[in-house]
Amino acid sequence: QVQIVESGGGLVQPGGSLRLSCTVSGANLDLYAIGWFRQAPGKEREGISFISSHFGTTYYADSVKGRFTISKDDTKNTAYLQMNNLKPEDTAVYYCGGRRTGPYNAYLPGPNEYNYWGQGTQVSVSS
């Protein structure tokens with residue numbers, strides 16, 4: 001059974017940084033594409049960054065491009081989202097999604113194609 005656990009959220013001042021982790025168990029991460037999503041109060045869940053299972057194909061939403069970096073370490077079965085220059089509008093619950101796409105695959109699933117989810121981690125940006 002595939003399980004996903006996010007960690008690394010917290011309270012940070014504007015301009016600060018956080019690194020979120022997405023640890024996958026019950027599966028080999030090198031077979032999975034990973035997506036980071038967030039949901040702010042009263043808003044729909046937004047896909048902000050995706051990475052393919054292999055070859056490092058990535059996507060960033062305009063709202064985070066240039067500030068966030070997605071990566072994955074298959075040896076640790078963990079994906080990351082490095083968030084720099086955080087803004088109050090980044091405040092949300094951040095979720096990690098997984099989608100099995102197989103090995104050596106550069107395919108980047110769309111935001112509705114992820115079928116394994118973690119419980120989320122809260123990120124709050126405030127002075």
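Values in this document were obtained by computation on a predicted structure and should not be read as measured data. Start at 1 with the first residue, then count along the sequence. Any value given below was found using the heavy atoms of this structure, including those in side chains, with hydrogens, waters and symmetry copies removed.
- The closest side-chain heavy-atom distance from Phe68 to Leu81 is below 4.5 Å.
- Judged as a side chain to side chain contact (heavy atoms under 4.5 Å, CB included), and not counting sequence neighbours, the contacts of Ser25 are Gln3.
- The two residues Gly47 and Ala61 come nearest to each other via the heavy atoms O-CB, 3.9 Å.
- For Glu44, the CD atom is loosely surrounded, since the number of other residues' heavy atoms within 6.0 Å does not exceed 12.
- Judged by distance alone, with hydrogens and angles left aside, the side-chain atoms of Thr78 form a donor-acceptor pair with the main-chain N or O of Lys76 at under 3.5 Å.
- The CD atom of Gln82 sits 5.5 Å away from atom OG of Ser17, with the distance rounded to the nearest 0.5 Å.
- Of all heavy-atom pairs spanning Ala92 and Ala40, the tightest one is CB-N, 3.8 Å.
- Of the N and O atoms on the side chains of Ser63 and Glu46, at least one donor lies less than 3.5 Å from an acceptor on the other residue.
- Other residues, nucleotides and ligands place no more than 12 heavy atoms under 6.0 Å from the OH atom of Tyr104.
- Lys65 and Asp62 are joined by a salt bridge, as a carboxylate oxygen and a charged side-chain nitrogen come within less than 4.0 angstrom of each other.
- Across all their heavy atoms, Ile34 and Ala79 have their closest contact at CG2-CB, 3.9 Å.
- Lys72 has no carboxylate O lying under 4.0 Å from a charged side-chain N of Asp30, or vice versa, which leaves the two without a salt bridge.
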For this session: List the steps and the verdict of side-chain contact (heavy atoms from CB on, under 4.5 Å) for Thr101 and His54.
Result: CA-CA 9 Å; Thr101 58; His54 211 76; over 6 Å; no
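- Taking 4.5 Å as the limit, every side-chain heavy atom of Leu20 sits out of range of all side-chain heavy atoms of Glu6.
- In plain terms, the two heavy atoms of Ile70 and Phe50 that are nearest each other are CD1-C, 3.7 Å.
- When hydrophobic clusters are built by joining Ile, Leu, Val, Met, Phe, Trp and Tyr residues whose side-chain heavy atoms come closer than 4.5 Å, directly or via intermediates, Ile4 is grouped together with Leu29.
- Remark: Arg45 engages Phe37, Gln39, Tyr95, Trp117 in a side chain to side chain contact (heavy atoms under 4.5 Å, CB included) (not counting sequence neighbours).
- With no hydrogens or angles considered, a side-chain donor-acceptor pair links Tyr94 and Arg38 at under 3.5 Å.
- In the hydrophobic clustering of this structure, Val12 groups with Ile48; members are Ile, Leu, Val, Met, Phe, Trp, Tyr whose side-chain heavy atoms approach within less than 4.5 Å, directly or through other members.
- Hydrophobic clustering (ILVMFWY, side-chain heavy atoms < 4.5 Å, transitive): Trp36 and Tyr59 are in distinct clusters.
- Under the 3.5 Å distance criterion, with hydrogens and angles disregarded, a donor-acceptor pair is assigned to the side chains of Tyr107 and Glu113.
- Contact record, Tyr32 with Ala27: CE1-CB, 3.5 Å, taken as the closest heavy-atom pair.
- Side chains of Ile51 and Thr57 form no contact here, defined as non-hydrogen atoms less than 4.5 Å apart.
- For the 3.5 Å distance criterion, the side chains of Asn105 and Ser53 fail to qualify, holding no donor opposite an acceptor.
- Considering only residues two or more places apart in sequence or on other chains, Gln122 meets the side chain to side chain contact (heavy atoms under 4.5 Å, CB included) condition with Thr91, Val93, Ser124.
- In this structure, Val5 and Gln119 have side chains that are in contact, with non-hydrogen atoms separated by less than 4.5 Å.
- The hydrophobic clustering, which links ILVMFWY residues whose side-chain heavy atoms are closer than 4.5 Å, places Tyr80 and Leu18 apart.
- Looking at every heavy atom in both residues, Val2 comes nearest to Gly26 through CG2-O, 4.1 Å.
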